[in-house]
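I have placed the structure first, in the form of structure tokens, so that the comments after it can refer back to it.
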Amino acid sequence: MKQSKRDFLKKLGAMSAGTGLLSVNPLLAGELSNEQKSDKSKTNFKVTIFQTTDVHCQIHEHDELFWENGQAVFRKTGGYANLDIFIKKQRAKCEHSFLVDTGDMFQGSMLSIETSGQAMVPLLNELQYDLYLPGNWEVIYGKDQMQNLLGSLHGPKVCANMYHDLGEGKKGELIFPPYHIWNINGVKIGFLGYNDPMIPLRQSPNYSKGIYFSKPEENLKHYVDVLKNQEKCAFVIILSHIGLSQEIHLANLPECEGVDYIFGADTHERVRVPIQCKYAKVVEPGAFGSFVGKLELSIENGKVVGDDYELLEVSPQKSKSKSKMANLVTEVESPFKSEIEKIVGYSTIPLYRYFVIENPIDTMVLDALEYQLPDIDIKLSNGFRFCPPRTMRDHTGNIPITRGFISDMLPVDSRVRIGEVTGQQLHTWMERELNNVFAEDASKRFGGWVTKFKGMKLTFNAFGEEGKRIQSFTVKGQPLDLAKTYTISACERDGDPLDMVCRIRNVKNTKDLDITLHQVMLNYLATHSPVTPTPPGAAKALDAPASLLTQVHGVDYEFR
């Protein structure tokens, strides 16, 4: 008898509570924790800290893009079964190890949408994390479900800037403990957590309703003092989900004095050599379970005397038998698998979303909006980062696009909103959006990439002066008329005022259509497959290549 979605979610809840296939917390099973296994008489030893982040519910091995010798190269990485085997093999080699995840665990796939993130709980518990930091997308199902999901994870959580919102701009108590200490052989490693304070602006405002966010620098100095001078930590690590540019900025602020490392997240950057800033080193280990960051500390007589960092690639793992994690993945996905794998169209070219300015995935989204709304002048799409590539061809010779991949591309199935703006509004908004991506001051950079558009074209200086980046701007082949009214479309965001479209304020005559982005995509693919979504060059930087892979500049870093 086929189980209903409700029955399955009840079963997931039971699994999350410690029944079924769920692994039992080692402490409850009578095993010794890392701290209990420690030997305070030992003065010289090594500890290893592993980090994953921004997996975005990508539970299967997938295509991944690498930039090698000036071109895109694709190979298989990731998948929870591979990640589980990989991490356990790595930890088995270590004298002492600690595993952290720094957020975006419950958003990013059709399975996560269908179960409101619940399907990820048994998988995360099987990985046996020692510590978690909530990410910017943990709020997607609302505050109550965020607390339910994170509360179902066996490991502790930290975050020093998420408070219960008491209303009228007043903050209550912290939702999570601000820090966590790992005590090994009498040596303390302190972990202090920070989530993105811009979540209410970057995400749909209603997602984070009931949560008050503060900037890290408001209490960073206080907690560093607590960890260094009261708790007597030998090493302090910030777990951060604020984006690499913001983390570099933070590591150069006086408030960060006393911090040794920032384990970054959010922007999916691949830092292979730690970025040395004024007060701390900054790293970030990619996304989608494709990589694991590894920091090895050498300790002598209670002091950390050396640190060695490397970014490890999670390649497909060979196993003679199906692992417990593989069985768990099969079980949580089975009720939805046929719909997830349903082919809804084809592409003739690889689909990915790694370039800052234009990408095939975003081009396909905009082409679909053009098909659905031919009378609208300008179609807009947010500067999303998530979604692993899709490059493998099937028997047709083309690349299949599944129903699940639509959700990977657009995890929030928003309704389409239309409205009217003046040319002046468009110009002012576009200058602001470009500054969000390329601001010289790293603290002013948002986590997303250039907003994508169809129906208009512009050239700009990415690294030019704020407010003066745009060099040319046309709409439907004609120079932008600042006084003219244009029609626009984009997705509505839950909690935005009706007169806001894609962060453009005071939009006139707005209307939410009775169609969502997913349906737009399905309609388009049903009539146009196979598609060839080659980026058209609608946005062109005059001082940066079309293949620009990062918004980070001013430091020794290269995405590859």
Side-chain angles (χ1 to χ4, degrees), residues 8 11-12 15-16 18-26 50-66 74-94 97 99-101 104-112 114-115 117-130 132 149 152-155 285-294 311-341 386-392 402 404-405 407-408:
F8 180 74
K11 184 177 180 181
L12 269 181
M15 293 169 69
S16 301
T19 60
L21 290 173
L22 182 62
S23 63
V24 178
N25 189 322
F50 296 99
Q51 179 197 7
T52 62
T53 196
D54 293 284
V55 180
H56 284 289
C57 307
Q58 296 302 316
I59 64 174
H60 291 297
E61 180 180 303
H62 53 78
D63 300 330
E64 188 57 275
L65 181 150
F66 297 83
F74 299 96
R75 54 179 176 263
K76 293 290 186 183
T77 59
Y80 269 124
N82 287 328
L83 184 63
D84 182 55
I85 295 171
F86 180 84
I87 287 175
K88 286 172 179 172
K89 284 181 178 179
Q90 287 290 325
R91 296 190 79 169
K93 301 174 187 177
C94 300
S97 68
L99 176 63
V100 304
D101 187 275
D104 286 2
M105 300 166 267
F106 298 110
Q107 176 264 11
S109 74
M110 187 173 175
L111 178 61
S112 62
E114 291 293 330
T115 64
Q118 203 70 41
M120 302 303 125
V121 172
L123 309 183
L124 291 165
N125 279 329
E126 178 60 25
L127 282 163
Q128 299 177 17
Y129 283 97
D130 295 294
Y132 295 95
L149 291 169
S152 298
L153 301 178
H154 292 163
F288 310 131
S290 299
F291 304 92
V292 174
K294 176 186 176 184
L311 185 65
L312 307 176
E313 182 179 332
V314 181
S315 302
Q317 301 292 298
K318 293 181 180 179
S319 179
K320 293 181 180 179
S321 59
K322 200 171 184 182
S323 67
K324 185 176 181 179
M325 176 64 85
N327 288 330
L328 271 174
V329 168
T330 298
E331 181 164 355
V332 300
E333 188 184 39
S334 59
F336 314 98
K337 189 176 178 65
S338 61
E339 186 65 16
I340 290 171
E341 295 183 349
F386 39 72
C387 189
R390 180 156 290 225
T391 68
M392 298 299 293
T402 61
F405 192 67
S407 295
D408 291 345

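Predicted model only: the values in this text are computed from it and were never measured.
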Problem - side-chain contact (heavy atoms from CB on, under 4.5 Å) evaluation trace for L153 with Y129 - result: CA-CA 9 Å; L153 301 178; Y129 283 97; over 6 Å; no
Completion exercise
Rounded to the nearest 0.5 Å, the CD atom of E126 sits from the NZ atom of K324 at a distance of 5.0 Å
Exercise for the section: Establish, yes or no, whether the cationic atom of R75 lies under 6.0 Å from the six-membered ring centre of F66 and within 45° of the ring axis. Expected result: yes
Fill in the blank from the handout: By salt bridge (charged side-chain N to carboxylate O under 4.0 Å, His left out), D84 pairs with (sequence neighbours left out) K88
Completion exercise
E339 meets the side-chain contact (heavy atoms from CB on, under 4.5 Å) criterion, sequence neighbours left out, with M110, K342, R403
Problem - Non-neighbouring partners of K76 that pass side-chain contact (heavy atoms from CB on, under 4.5 Å), sequence neighbours left out - result: E61, D63, P316, M392
Practice task
Output yes when a side-chain donor or acceptor of D130 lies under 3.5 Å from a complementary backbone atom of V100, and no otherwise.
Solution key: no
Practice task
Hey, can you tell me if H56 and F386 have their rings parallel, tilted or perpendicular (30° and 60° cut-offs)?
Solution key: tilted
Fill in the blank from the handout: In short, T52 meets F291 closest at the heavy-atom pair CG2-O, 4.4 Å
Problem - Nearest-0.5 Å distance, OG of residue S152 to CZ of residue F106 - result: 7.5 Å
Exercise for the section: Taking the side chain as every heavy atom from C-beta outward, state whether I340 and T402 have any pair of such atoms under 4.5 Å apart. Expected result: no
Exercise for the section: Starting at CG of L123, measure out to CG of L328 and round the result to the nearest 0.5 Å. Expected result: 6.0 Å
Practice task
Supply the atom-to-atom distance S97 OG to Q128 CD, rounded to the nearest 0.5 angstrom.
Solution key: 10.0 Å
Problem - Nearest non-hydrogen partners of S290 and T77, listed with the distance - result: OG-OG1, 2.9 Å
Fill in the blank from the handout: side-chain hydrogen bond (donor to acceptor under 3.5 Å, both in side chains) filter on S315, not counting sequence neighbours, yields none
Problem - Pairwise distance CZ(F74) to CZ(R390) - rounded to 0.5 angstrom - result: 13.0 Å
Practice task
Kindly write out the residues that satisfy side-chain contact (heavy atoms from CB on, under 4.5 Å) with V55, not counting sequence neighbours, or none if the list is empty.
Solution key: Y80, D101
Practice task
Grab the two heavy atoms, one from L111 and one from V332, that are nearest each other, plus how far apart they are.
Solution key: CD1-O, 3.5 Å
Fill in the blank from the handout: Closest non-hydrogen contact found for P388 with F405 is O-CE1, 3.5 Å
Practice task
Determine whether R91 and L99 make a side-chain contact, defined as any pair of heavy atoms from C-beta on separated by less than 4.5 Å.
Solution key: yes
Exercise for the section: Find out whether K318 and I85 are in side-chain contact, i.e. whether some heavy atom of one side chain is under 4.5 Å from a heavy atom of the other. Expected result: no
Handout entry: Where E333 and H60 come nearest, the two heavy atoms and their spacing
Key = OE1-NE2, 2.8 Å
Problem - CG on N82 to CD1 on I59, rounded to 0.5 Å - result: 12.5 Å
Handout entry: For the student: nearest non-hydrogen atoms of G78 and H62, plus distance
Key = CA-NE2, 4.1 Å
Handout entry: Test item: F86 and V292 side chains (from C-beta on) under 4.5 Å apart, heavy atoms
Key = yes
Problem - Side-chain heavy-atom pair L83, M325 within 4.5 angstrom cut-off - result: no
Practice task
List for me each residue that meets side-chain contact (heavy atoms from CB on, under 4.5 Å) alongside P285, sequence neighbours excluded, and say none if there are none.
Solution key: Q51, T53, Y309, L311
Exercise for the section: Check the pair Q58 / D408 against side-chain contact (heavy atoms from CB on, under 4.5 Å), numbers first and verdict last. Expected result: CA-CA 8 Å; Q58 296 302 316; D408 291 345; 3.4 Å; yes
Handout entry: Q317 and K89, any side-chain heavy atoms less than 4.5 Å apart
Key = yes
